[in-house]
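One structure below.
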Amino acid sequence: MRPLTWVGGHASALLLLGFVTTSFLPVSAETMRPLLPPLVVLVTALGFARQPLDPVSLRGLLQIRHIAFSLVWLVSTQVLAAFLAVSVGRAIGATPDQLVFIAAFFAAPPMSSAPNICLILGFDHAMSLRIAVLGTLCAPILMPLTLSLSGMGPEASGLVVGLRVFSMLLSGIVLGTVIHLALGPVRIARHALALNGLAALAMIAFLIPLMSGAMEAIVATPHLALGLLSLAVALNILGNLLVRLVARLHLSAQQAATLGYLFGNRNLSLVLASVPFDPILTLFVALMQAPIYGTPALFSFVQRTRRPWPPSSEF
């Protein structure tokens with residue numbers, strides 16, 4: 001447990017280091033790609049295992065008003081936000097490719113690993129878990145609807161995508177429940193840093209099939225890569241901060257930070273798997289991992305300069 005505890009204590013910095021180094025590993029993307037589904041299951045399980053499963057906690061997690069808020073937030077930040085962003089992009093003369101990247105960003109649900117990162121950063125875990133799970137469940141409906149705004153439809157039907165995503169999600173919840181029951185809440189609390197470390201390692205492993213081949217594409221088209229990286233950083237970090245600012249008008253600082261993080265960090269690999277192969281979109285998704293893996297270190301540093309938030313999921 002001691003090495004995992006050390007990794008958990010330095011998880012934010014190691015995630016950034018993992019992003020920087022994985023693209024240089026001499027590993028074939030084709031060899032690693034079959035590991036993506038089990039890695040998604042593992043990351044989902046580690047997030048769910050940390051959620052208390054006593055009746056009181058479950059009632060709080062599944063309260064109708066919390067579910068309704070999460071659904072409204074998902075529709076607003078995916079479909080409605082995509083419509084607004086694509087409309088503005090067309091008005092200012094954005095290219096069709098740029099509109100596709102913007103639509104792909106908004107179409108993606110929040111990352112399945114978001115609850116793990118929210119635990120590491122001290123954000124609202126229950127809120128992040130609820131929205132991440134609902135976002136994944138709603139992906140078969142919200143993803144095609146959002147992608148259609150740019151004229152980009154999924155290669156597979158919504159039912160096929162839904163079944164694929166649902167099977168991974170269900171497997172993660174089952175495995176997370178088994179982990180929770182096997183360890184018990186006392187040991188989970190005692191070994192929180194070790195579980196953070198395991199989650200960080202799983203997220204770094206998840207990078208390998210995504211980043212393989214990215215360095216060659218960056219070297220071959222540096223100007224294109226720089227433009228895609230700039231767009232990725234703007235969507236992630238600026239979107240994160242804007243959502244924080246608006247949410248802070250009605251919610252606590254902790255909840256606003258959670259919503260900002262969920263907005264900026266999305267599971268674009270799910271979009272990538274459901275549309276026809278596009279090398280430029282693939283490069284964009286790879287470069288999007290830079291802010292995704294960099295923001296935990298950034299916000300962890302910012303949070304250390306402030307008082308810790310009291311844990312709460314009430315609003």
Side-chain angles (χ1 to χ4, degrees), residues 4 8 11 15 29-54 57-58 61-62 67 70-71 74 107-120 125-144 154-185 187-188 191-192 194-210 262 265-275 285 289 292:
L4 284 177
L15 287 173
E30 294 300 323
T31 302
M32 293 296 296
R33 190 160 289 134
L35 294 179
L36 274 177
L39 285 171
V40 170
V41 171
L42 177 59
V43 169
T44 302
L46 290 172
F48 191 81
R50 309 285 288 279
Q51 173 61 36
L53 297 179
D54 59 277
S57 298
L58 286 177
L61 184 68
L62 300 175
I67 298 294
S70 301
L71 290 174
L74 286 166
M111 292 194 310
S112 56
S113 58
N116 291 303
I117 299 298
C118 287
L119 275 168
I120 292 171
H125 176 252
M127 174 183 277
S128 65
L129 181 64
R130 186 187 304 114
I131 291 177
V133 170
L134 284 174
T136 303
L137 288 174
C138 294
I141 298 172
L142 297 184
M143 273 180 49
E155 186 176 53
S157 70
L159 179 60
V160 172
V161 174
L163 289 175
R164 191 181 303 155
V165 171
F166 180 75
S167 65
M168 290 188 291
L169 176 66
L170 181 61
S171 300
I173 291 175
V174 171
L175 179 58
T177 303
V178 170
I179 294 173
H180 181 92
L181 295 177
L183 295 179
R187 278 196 287 179
I188 286 175
H191 299 295
L195 289 171
N196 284 347
L198 186 59
L201 292 177
M203 289 181 64
I204 291 171
F206 187 81
L207 273 174
I208 297 174
L210 283 178
L262 291 170
N265 294 272
R266 297 168 181 261
N267 188 6
L268 271 88
S269 58
L270 187 62
V271 178
L272 195 63
S274 61
V275 300
V285 173
Q289 307 312 305
I292 286 177

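Heavy atoms only: backbone and side chains are in, while hydrogens, waters and symmetry mates are out.
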Would a 4.5 Å heavy-atom cut-off, applied to side chains only, mark Pro109 and Met143 as touching?
yes
So, taking the atom named CD1 in Ile67 and the one named CG in Leu71, what distance separates them when rounded to the nearest 0.5 Å?
6.5 Å
One should read off an interatomic distance between Ser128 OG and Leu119 CG, to the nearest 0.5 angstrom, of 6.5 Å
Gap separating the CZ atom of Arg130 from the NE2 atom of His125, nearest 0.5 angstrom:
11.0 Å
Just to verify, which of Ile131, Val133, Leu134 counts as forming a side chain to side chain contact (heavy atoms under 4.5 Å, CB included) with Pro110?
Ile131
Heavy atoms only: give me the nearest Ala49-Ile188 pair and the separation to one decimal.
O-CD1, 3.4 Å
How long is the straight-line distance from CG of Asn265 back to CD of Gln289, given to the nearest 0.5 Å?
9.5 Å
Shortest non-hydrogen contact from Arg266 toward Ala108
NH1-O, 3.0 Å
With side chains defined as the heavy atoms from C-beta onward, is the minimum distance between His191 and Leu183 less than 4.5 Å?
no
Hey, could you give me the CG/CG distance between Leu195 and Leu198, rounded to the nearest 0.5 Å?
7.0 Å
Ile173 CD1 to Leu129 CG distance, which is reported to the nearest 0.5 Å
8.0 Å
